[in-house]
Student: 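Sharing a structure here in structure tokens format.
Numbered from 1 within each chain, the chains take letters A, B, ... in sequence-line order.
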Amino acid sequence: MWARTVRLGLRARLGGCRGFTFKVDPQGTGQVTAELIEHLERLALVDFGGREAVARLEKAIAFADRLRGVDTDGVEPMESVLEDRCLYLRSDNVTEGNCAEELLQNSHRVVEEYFVAPPGNISLAKLNEQEPPPRG
Amino acid sequence: MPAVVVDLFSLLSPSPCGGRPNTKTMLGRTLREVSAGLKQGQITPTELCQKCLSMIKKTKFLNAYITVTEEEALKQAEESEKRYAKGQPLGDLDGIPVAIKDNFSTSAIETTCGSNMLKGYVPPYNATVVQKLFDQGALLMGKTNLDEFAMGSGSTDGVFGPVKNPWSYSKQYREKRKQKPHGENEDSDWLITGGSSGGSAAAVSAFTCFAALGSDTGGSTRNPAAQCGLVGVKPSYGLVSRHGLIPLVNSMDVPGILTRCVDDAAVVLGVLAGHDPKDSTTIQDPVKPFLLPSLTDVSKLCIGIPKEYLVPELSSEVQSLWTKAADLFESRGAKVIEVSLPHTSYSIVCYHVLCTSEVASNMARFDGLEYGHRCDIDVSTEAMYAATRREGFNDVVRGRILSGNFFLLKENYETYFIKAQKVRRLIANDFVNVFNSGVDVLLTPTTLSEAVPYLEFIKEDNRTRSAQDDIFTQAVNMAGPTGDSQIRSPNQSHRMPCSSSAFPASPSQQPPIRAPLKPSLFSHCKAFPLLCLLLSLCQMQVIAVDSLATANSINSLCFSSFG
């Protein structure tokens with residue numbers, strides 16, 4: 001599963017749904033495998049876009065690995081600097097709202113009061129495997 | 001065009017906390033002075049607004065603004081004028097032109113975050129800090145340029161292009177450039193503003209407004225403040241509301257303030273600070289407006305110099321200024337001691353992991369459905385999201401999202417994310433220990449060197465630059481305290497603002513040793529009196545503790561002031 005062809009044409013706006021894969025250097029560091037790339041692209045729904053981006057990720061990981069040198073035995077993780085305070089909860093009263101029309105204006109595709117999305121439950125990976133996917 | 005800016009600097013550069021008593025140089029005055037001028041009728045809000053708008057047009061080549069809100073500003077000026085006519089101004093900010101970074105939501109005004117993803121996005125509400133400024137009568141000049149989604153340390157990576165440092169056009173810098181052989185294009189070695197609030201910094205530094213809002217996650221307000229010769233304040237986390245600030249890292253973001261003098265920053269902070277029911281991470285303690293004292297007695301102050309901040313990459317110029325600043329305080333009777341923040345070398349790494357992880361989460365909201373850019377693909381939701389995000393985000397943003405997702409993978413969560421959170425506690429504890437040992441403020445540089453030319457800056461990628469440039473500033477974001485970067489006086493060799501913050505002086509002036517401030521009191525922070533002295537210091541960062549601090553959370557004002 002090392003090499004996949006670069007489907008440059010697919011990057012074009014109109015046909016771009018087919019895949020975000022590119023040729024992985026078989027002599028890579030090994031930490032960022034093609035599998036990992038695919039997994040991250042699927043999770044993030046953002047594609048790497050090229051070899052450079054993979055190299056950047058490798059550098060970022062190498063940078064982050066420096067943390068291993070710190071002794072954190074017995075140290076609790078810190079989520080917020082305000083952890084010793086209680087989060088403010090306002091009273092459960094309706095003070096604003098009724099602005100559906102205003103909010104719908106920012107969307108590109110709206111039908112009545114609904115945001116319109118393409119069909120769900122079709123994972124990206126399945127699309128990559130198919131040849132020209134049928135129009136939904 | 002650059003010639004206009006050169007004239008500008010010599011005519012308008014304010015002396016510290018004073019301006020020339022000439023209405024022609026109204027733009028060069030401090031906020032309080034202009035406010036007094038407005039009250040006395042020396043100038044009207046509309047005239048002031050027109051002056052700033054005209055300056056914006058003259059300095060368009062800096063690319064500081066994404067949107068200039070001329071109509072709105074004039075309308076606001078008209079209303080302000082009516083209030084002054086009745087003798088009922090709303091406060092010190094009434095009629096004062098301000099600029100706002102384009103990652104703050106402004107109702108009915110496009111808010112882009114410097115990204116294709118939000119081009120054309122018009123928020124239906126004002127961010128709390130924006131509303132507070134409007135409630136005080138401030139005039140909105142426009143939305144300023146930034147790195148895309150505030151990710152970067154140069155203001156070079158937004159879709160609207162890079163921001164140019166106004167100091168690139170100062171007489172001294174141009175003279176220096178003439179000495180070196182330059183390329184065919186006269187303007188090719190312009191300097192960056194620093195980032196990511198570079199547009200805000202350039203806007204204030206070029207006299208197009210009196211104050212600007214930035215945001216500070218890892219130094220994004222203090223860094224450009226340092227490089228543009230301004231005062232940049234990162235308030236303590238929880239002091240100022242983040243509602244309406246398009247989030248990058250929820251646990252570290254704060255709105256930042258950029259002004260030309262410390263007193264102005266105090267005025268703006270007084271307006272913005274306070275609990276907001278719409279942001280439950282704001283502290284509920286009451287915050288009263290404050291005044292800085294006019295006399296500066298630092299004999300009871302203890303200033304800490306963290307030894308780990310003396311890194312090999314620090315330029316000799318900034319290092320000597322750091323020493324000079326410390327000596328200055330000592331000569332005035334302050335106790336200056338060396339302190340240790342042992343985990344400093346890990347803090348940038350920790351910041352990198354936590355930042356990318358939170359970014360991965362925060363950027364997930366941009367899917368093209370409810371707002372923002374949407375691509376044409378209709379095959380499936382995931383395909384549409386993926387293509388939209390590919391088209392909407394640049395490499396930097398995508399890179400951080402992917403890194404963040406890597407660190408958050410099940411198999412990596414413990415090793416990277418949780419580990420970074422533990423290291424964060426160690427870093428925060430470093431600060432607690434130092435402040436508990438009798439130190440009142442920490443004095444550090446803000447950046448490694450002065451503003452660099454754009455062509456040099458872009459030789460390294462965004463991630464590398466951020467890792468280099470955020471080195472002094474991000475620790476404070478992780479620990480919570482406030483930081484102030486003060487502009488510094490022009491350095492000796494080429495009269496450019498250096499990285500710590502200092503009060504802007506005209507390039508030809510020597511910095512004054514003591515700058516009297518208009519009465520303004522930070523009643524809850526005893527470190528503030530030394531702000532007066534800081535005005536003369538070069539690009540130093542001051543980290544202080546205020547009375548809101550508890551044993552575990554340090555709330556300090558980080559002043560990046562330029563000397």
Side-chain angles (χ1 to χ4, degrees), chain A residues 11 13-14 16-17 20 36 39-49 52-53 56-57 59-61 63-64 66-70 72 75-85 87-90 99 102-103 105-109 115-124 127 133 135-136, chain B residues 121-122 124 237-238 251 275 277 280-284 343 346 349-350 352-353 356 360 368-371 374-387 389-390 393 395 398-399 401-403 405-407 416 418-426 428 461 463 467 479-480 550 552-553:
Chain A
R11 297 222 175 281
R13 234 168 227 257
L14 297 172
C17 63
F20 307 92
L36 178 67
H39 187 44
L40 286 176
E41 285 184 345
R42 175 76 175 57
L43 280 177
L45 288 180
V46 148
D47 66 323
F48 275 85
E52 283 165 3
R56 272 200 291 267
L57 177 64
K59 276 196 211 140
I61 297 169
F63 191 61
R66 290 194 215 171
L67 284 181
R68 293 175 199 261
V70 189
T72 51
V75 180
E76 284 298 305
M78 180 188 233
E79 273 148 19
S80 166
V81 295
L82 300 177
E83 59 186 3
D84 54 347
R85 290 173 185 261
L87 209 59
Y88 170 75
L89 292 176
R90 65 179 176 89
C99 50
E102 240 183 310
L103 294 175
Q105 266 167 32
N106 271 317
S107 173
H108 286 274
R109 226 163 284 184
F115 294 113
V116 179
N121 288 334
I122 304 171
S123 82
L124 210 58
L127 275 174
R135 268 202 78 81
Chain B
Y121 168 65
V122 179
Y237 183 84
S251 67
H275 175 63
S280 57
T281 59
T282 50
I283 51 173
Q284 294 158 63
H343 295 94
Y346 295 107
V349 186
C350 176
H352 158 74
V353 173
T356 48
L369 267 187
E370 295 109 329
Y371 46 76
R374 178 177 176 148
C375 74
D376 295 327
I377 288 161
D378 248 350
V379 180
S380 76
T381 325
E382 285 199 8
M384 189 277 273
Y385 290 173
R389 288 154 72 80
R390 182 186 359 115
F393 292 142
D395 286 344
R398 297 207 322 260
I401 293 172
L402 289 163
S403 301
N405 274 292
F406 176 83
F407 298 133
Y416 292 99
I418 299 288
K419 181 79 177 180
Q421 287 190 316
K422 291 180 180 176
V423 175
R424 183 178 184 176
R425 184 177 295 285
L426 292 175
D461 70 21
R463 194 200 66 81
T550 62
N552 291 325
S553 108

Student: What part of A53(A) is in contact with chain B, defined as an atom under 4.5 angstrom from a non-hydrogen atom: side chain, backbone, both or neither?
Tutor: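 Contact with chain B involves no heavy atom of A53(A) at all.
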Student: Need one label for L89(A): side chain, backbone, both or neither, based on atoms under 4.5 Å from any heavy atom in chain B.
Tutor: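 Contact with chain B: none, neither part.
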Student: Counting heavy-atom pairs closer than 4.5 Å to chain B, which one of L43(A), V116(A), V70(A) comes out on top?
Tutor: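 Option with the greatest count: V70(A).
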Student: Tell me, yes or no, whether the heavy-atom count around E52(A) atom CD, taken from other residues, nucleotides or ligands under 6.0 Å, exceeds 12.
Tutor: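 Incorrect, the count does not exceed 12.
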Student: Heavy atoms only, distances under 4.5 angstrom: which of R68(A), E79(A), K59(A), R109(A) has the most pairs with chain B? Name it, please.
Tutor: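 Max contact count across the listed options: R109(A).
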Student: If only atom types and distance count, is the side chain of E83(A) paired as donor or acceptor with the main-chain N or O of M78(A) below 3.5 Å?
Tutor: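 Judged by distance alone, no pair lies under 3.5 Å.
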Student: Under 4.5 Å between any side-chain heavy atoms of T281(B) and Y88(A), yes or no?
Tutor: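 They are not in contact (no side-chain heavy atoms under 4.5 Å apart), so the answer is no.
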Student: Under a 4.5 Å heavy-atom cutoff, which of Y371(B), Y416(B), Y121(B), Y385(B) has the most pairs with chain A?
Tutor: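 Counting heavy-atom pairs under 4.5 Å, the top option is Y416(B).
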Student: Non-hydrogen atoms of chain B under 4.5 Å away: do they reach the side chain of Q105(A), the backbone, both or neither?
Tutor: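 Neither the backbone nor the side chain of Q105(A) comes within 4.5 Å of chain B.
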Student: Between S251(B), G368(B), A467(B), P124(B), who has the most heavy-atom pairs with chain A when the cutoff is under 4.5 Å?
Tutor: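 That would be P124(B).
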Student: Between S280(B) and R90(A), does any side-chain donor sit less than 3.5 Å from a side-chain acceptor?
Tutor: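 S280(B) vs R90(A): no donor-acceptor pair found between side chains.
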Student: Please classify the contact of R374(B) with chain A as side chain, backbone, both or neither, using a heavy-atom distance under 4.5 Å.
Tutor: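 Looking at R374(B), backbone and side chain both touch chain A.
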Student: Side-chain contact test, heavy atoms from C-beta onward, threshold under 4.5 Å: evaluate it for N121(A) versus E382(B) and give yes or no.
Tutor: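 A side-chain contact under 4.5 Å is absent here.
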Student: Counting only heavy atoms closer than 4.5 Å, note whether F115(A) contacts chain B via side chain, backbone, both or neither.
Tutor: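 Contact with chain B: side chain only.
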Student: To the closest 0.5 Å, what do you measure between NE2 (H343(B)) and OG1 (T72(A))?
Tutor: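 The NE2 atom of H343(B) sits 9.0 Å away from the OG1 atom of T72(A).
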Student: In terms of heavy-atom pairs under 4.5 Å with chain A, which of V423(B), L369(B), L426(B), I418(B) leads?
Tutor: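 Most pairs with chain A among the choices: L369(B).
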Student: Donor-acceptor check, side chain of T381(B) to backbone of P119(A), threshold 3.5 angstrom: yes or no?
Tutor: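 Confirmed, T381(B) side chain pairs with P119(A) backbone.
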